Number of protein chains: 2
Amino acid sequence: MAEEKTSGRRRWPEGYDPQRTRSELVASALRLFEENGFDRTSLQQIVVDANLTKGAFYHHFESKEDLLWRIQTEYLDTQLEGAQAIVEQGGDPIDQVRELIRLSLEGVAQHRPHVAIFQQERRHLTGERLAEITRRRDEVEALFRGAVQAGIDAGRLRGDVSARIVTFGILGMCAWAFQWFNPRGSLSIDDVATQFTAMVLDGLVAGA
Amino acid sequence: MAEEKTSGRRRWPEGYDPQRTRSELVASALRLFEENGFDRTSLQQIVVDANLTKGAFYHHFESKEDLLWRIQTEYLDTQLEGAQAIVEQGGDPIDQVRELIRLSLEGVAQHRPHVAIFQQERRHLTGERLAEITRRRDEVEALFRGAVQAGIDAGRLRGDVSARIVTFGILGMCAWAFQWFNPRGSLSIDDVATQFTAMVLDGLVAGA
DNA sequence: CCTTTCATACCGACTGGCTGGCATGTTAGT
DNA sequence: ACTAACATGCCAGCCAGTCGGTATGAAAGG
C-alpha cells in the first residue's frame with residue numbers, strides 16, 4: 001500500500017522541453033492576469049492552473065513581477081518591430097499613419113490578454129523593469145509621432161496642429177478599442193481601422 | 001505621567017460636522033488609490049492618512065468596495081449631468097459634439113484622481129455596484145453617440161460611418177488624455193480640446 | 001563499461017507579515 | 001436613556017518568497 005511519493009522532479013515525457021514548462025506558466029498567467037488582475041492572482045493559482053508548483057515557478061522566474069515584465073516586453077517587442085517595419089519602408093506619410101493605426105488595432109484584436117495586462121497592470125512594475133517598458137512604449141509612440149510630423153513637414157497633413165497632441169489622440173483611440181471591441185462580434189477590426197482613419201484623416205463633417 | 005488614553009470618540013472641535021470625517025476618508029482614499037491602486041492600498045493606510053481609525057471607517061462605509069463605489073459615482077454623476085445639460089440644450093449637433101469633447105477633457109484635467117480610479121479600479125467592483133456604475137457609464141456614452149447620430153441624421157456629419165465606432169474613437173481619445181496630459185504642463189486642456197475637435201471634425205489631411 | 005559528480009529541473013512544506021472585517025468598549029449630544 | 005460617532009484589539013486567512021530535498025541526464029573519471 002506504499003503511496004508513491006512523487007517528490008522532486010516528475011518523470012520526463014518523451015520529447016520534453018523545459019521551455020515548455022516556462023511557456024505554460026506564462027500561458028496560465030496570461031489568462032489569470034487578464035481575468036483577475038495581477039494583484040488578485042496568486043502564484044498558487046498560476047502554478048495550479050499550469051499543473052506545476054512554486055518550485056517550478058521560481059526556477060524559471062525571479063519573482064512575480066519578473067513574470068509580469070516578460071509578458072509586457074513580449075508584446076511591446078512585436079509592436080515595436082511592426083511599427084519600425086512600416087516606418088522604415090517609407091512611402092506617403094498618410095499611408096504610414098493609416099498602416100500604423102491598423103497595426104495598433106490588430107494588436108488589440110489579436111493579443112487581447114497582452115494588451116489588457118500592458119494597459120492595466122503596467123503600474124505594478126517598478127524600478128528598472130518599469131523604466132525598460134516605458135522606454136519601449138515611448139519608442140513606439142515616437143514612431144507614430146514621427147510619421148505624423150513627416151506628414152506635416154511634407155505638406156500632406158495640415159500644419160496648424162501639434163503632432164504631439166494629434167498623435168496622442170490617435171493612440172488613445174486605438175488603445176481604447178480594447179475596452180469595447182469584441183473579437184467575436186459582428187464587426188471586424190478592419191472596419192474599425194477604416195472608420196478610424198476616415199475620421200482622423202478626412203474628418204466627420206459632411207461634404208468635403 | 002499618566003498617558004492620555006484616548007479611547008472612544010475624541011473631543012469635538014467647534015463647528016464639527018460628521019460629514020467632514022467622511023469626506024476626509026474619501027480624500028485620503030482618492031490620493032492613495034490614485035497613487036498605489038485599490039488593492040495595494042490598505043484600510044490601515046487610509047485611516048492613518050486621514051488621522052482616524054478603522055472604527056470610523058466602518059461607521060461611514062459598508063466595506064472597502066463601498067468606498068470605491070462612492071468615489072466612482074461621485075465622478076460619473078457630475079459627468080452625466082454635464083452631458084445631459086449639453087444635449088438637452090439642443091443646437092447644432094456639431095457644436096454638441098464639440099462641447100461633449102470639451103466636457104470630457106475638462107473632467108480629465110480637473111478630477112484626475114477620480115478619472116484614474118474610474119479607469120483603473122472599476123474592475124474591482126462586483127455585483128450590483130458594478131452594474132450600477134456600468135449603467136451610468138453607458139448612459140454617458142449613449143449621450144455622445146446620440147449627438148453623433150443626430151449629426152448624421154441631420155446631414156451635418158457624413159453618413160458613411162458608424163456612429164457607434166466613431167463615438168468609441170472620440171471617447172477613447174478623451175479618456176486616454178489622462179495617461180499623458182499634465183495639468184501643470186505648458187499646454188492647456190483648451191488647446192487639446194481644440195485640436196481634437198479639429199482633427200475629428202475636419203480631418204488631418206491638408207487642403208480641405 | 002561502469003560509476004561518481006555535477007548541473008538542471010523541479011517538489012512541497014513552511015513562514016512571517018499583512019489584510020479586511022468585526023466585536024466590543026467609550027464618549028458626546030439630545 | 002438612547003443613539004450617533006467614533007476608538008481599540010483581535011483574528012482567521014492568505015500571500016510571496018524560501019529552503020532543503022529529490023529525480024534526471026550528461027559529462028568525467030577509472
Side-chain angles (χ1 to χ4, degrees), chain A residues 2-26 28-29 32-33 36-70 121 124-127 129, chain B residues 2-26 28-29 32-33 36-70 121 124-127 129:
Chain A
E3 289 292 325
E4 209 179 319
K5 294 261 184 182
T6 52
S7 178
R9 191 216 268 170
R10 287 180 191 151
R11 197 164 302 278
W12 285 354
E14 48 218 302
Y16 169 81
D17 178 11
Q19 289 305 309
R20 176 68 177 266
T21 297
R22 185 201 189 80
S23 65
E24 266 171 26
L25 285 167
V26 169
S28 292
L32 292 166
F33 285 169
N36 303 74
F38 181 75
D39 276 337
R40 301 207 171 182
T41 302
S42 69
L43 285 179
Q44 211 52 244
Q45 287 178 263
I46 294 174
V47 298
V48 165
D49 189 87
N51 270 97
L52 289 163
T53 62
K54 280 197 182 179
F57 180 88
Y58 280 98
H59 177 70
H60 287 284
F61 301 96
E62 279 179 28
S63 63
K64 198 184 174 191
E65 189 186 318
D66 181 42
L67 168 61
L68 179 60
W69 182 78
R70 286 176 197 274
E121 322 293 345
H124 295 126
L125 295 175
T126 60
R129 273 189 270 257
Chain B
E3 288 293 324
E4 209 180 319
K5 294 260 185 184
T6 51
S7 179
R9 190 215 269 167
R10 286 179 192 150
R11 197 165 303 279
W12 284 353
E14 46 220 299
Y16 169 80
D17 177 11
Q19 289 305 310
R20 175 69 176 266
T21 298
R22 184 199 189 82
S23 64
E24 267 171 26
L25 284 168
V26 169
S28 292
L32 292 166
F33 285 169
N36 302 41
F38 181 75
D39 276 337
R40 302 209 170 181
T41 302
S42 69
L43 285 179
Q44 210 54 244
Q45 286 177 266
I46 294 173
V47 298
V48 165
D49 188 88
N51 269 100
L52 289 162
T53 62
K54 282 195 186 180
F57 180 89
Y58 279 97
H59 179 72
H60 286 283
F61 302 95
E62 279 179 26
S63 63
K64 197 184 173 189
E65 189 187 319
D66 180 43
L67 168 61
L68 179 61
W69 181 79
R70 287 178 197 275
E121 321 294 345
H124 295 125
L125 295 174
T126 61
R129 274 188 269 256

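Here is how names work: the chains are called A, B, and so on, in the same order as the sequence lines, proteins then strands, and each is numbered from 1. The model shown is predicted, which means the values in this text are computed figures rather than measured ones. The analysis underlying the following values was restricted to heavy atoms, covering all of them including side chains, and did not include hydrogens, waters or symmetry mates.
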Study note, to complete from the structure: Between NE2 of A/His59 and P of D/dA23 the distance, given in whole Å, is 17 Å

Practice item. Starting from P on C/dG20, measure out to CG on B/Asp66 and report it in whole angstrom. Key: 15 Å

Practice item. Sequence neighbours left out, what passes side chain to side chain contact (heavy atoms under 4.5 Å, CB included) with B/Glu62? Give chain and number order. Key: B/Asp66, B/Arg129

Exercise for review: Not counting sequence neighbours, list each pair that qualifies as a salt bridge (charged side-chain N to carboxylate O under 4.0 Å, His left out) and has a residue in residues 38-47 of chain B.
Suggested key: A/Asp39-B/Arg40, A/Arg40-B/Asp39

Check your understanding: In Å and rounded to the nearest 0.5 Å, what is the CG to CG distance from B/Leu32 to B/Leu43?
Key -> 11.0 Å

Review point. Atom CZ of A/Phe61 to atom P of C/dT8: distance rounded to whole Å?
Key: 17 Å

Review point. In terms of the nearest nucleotide of DNA chain D, which residue is placed more toward the 5' end: A/Gly55 or A/Phe38?
Key: A/Phe38

Revision key, fill the gap. Residues passing the side chain to side chain contact (heavy atoms under 4.5 Å, CB included) test with A/Ser23, sequence neighbours excluded, are A/Arg20

Revision key, fill the gap. One should read off an interatomic distance between B/Leu25 CG and B/His59 NE2, to the nearest 0.5 angstrom, of 11.0 Å

**Study point:** Which residues share a side chain to side chain contact (heavy atoms under 4.5 Å, CB included) with A/Arg22, sequence neighbours left out
**Key:** A/Gln19, A/His60, A/Phe61, A/Arg70

Check your understanding: How many Å lie between CD on A/Glu62 and P on D/dG17, as a whole number?
Key -> 11 Å

Point to revise | Distance, rounded to the nearest Å, where A/Asn51 contributes CG and C/dC11 contributes C1' | key: 14 Å

**Study point:** Distance test, side-chain N/O of B/His60 to OP1/OP2 of D/dC6, below 4.0 Å
**Key:** yes

Review point. What residues form a salt bridge (charged side-chain N to carboxylate O under 4.0 Å, His left out) with B/Asp49, not counting sequence neighbours?
Key: B/Arg31

Check your understanding: Over how many whole Å does the gap from B/Ile46 atom CD1 to C/dG21 atom P extend?
Key -> 11 Å

Listed pairs, N/O of protein and of nucleotides 11-15 of chain D, under 3.5 Å:
none

Point to revise | B/Leu25 CG - D/dA5 P separation (whole Å) | key: 13 Å

Point to revise | Nearest-nucleotide pick for B/Thr21, side chain only, options being D/dC6, C/dG20, C/dG12 | key: D/dC6

Practice item. Check whether any side-chain nitrogen or oxygen of B/Tyr58 sits under 4.0 Å from OP1 or OP2 of C/dC22, and answer yes or no. Key: no

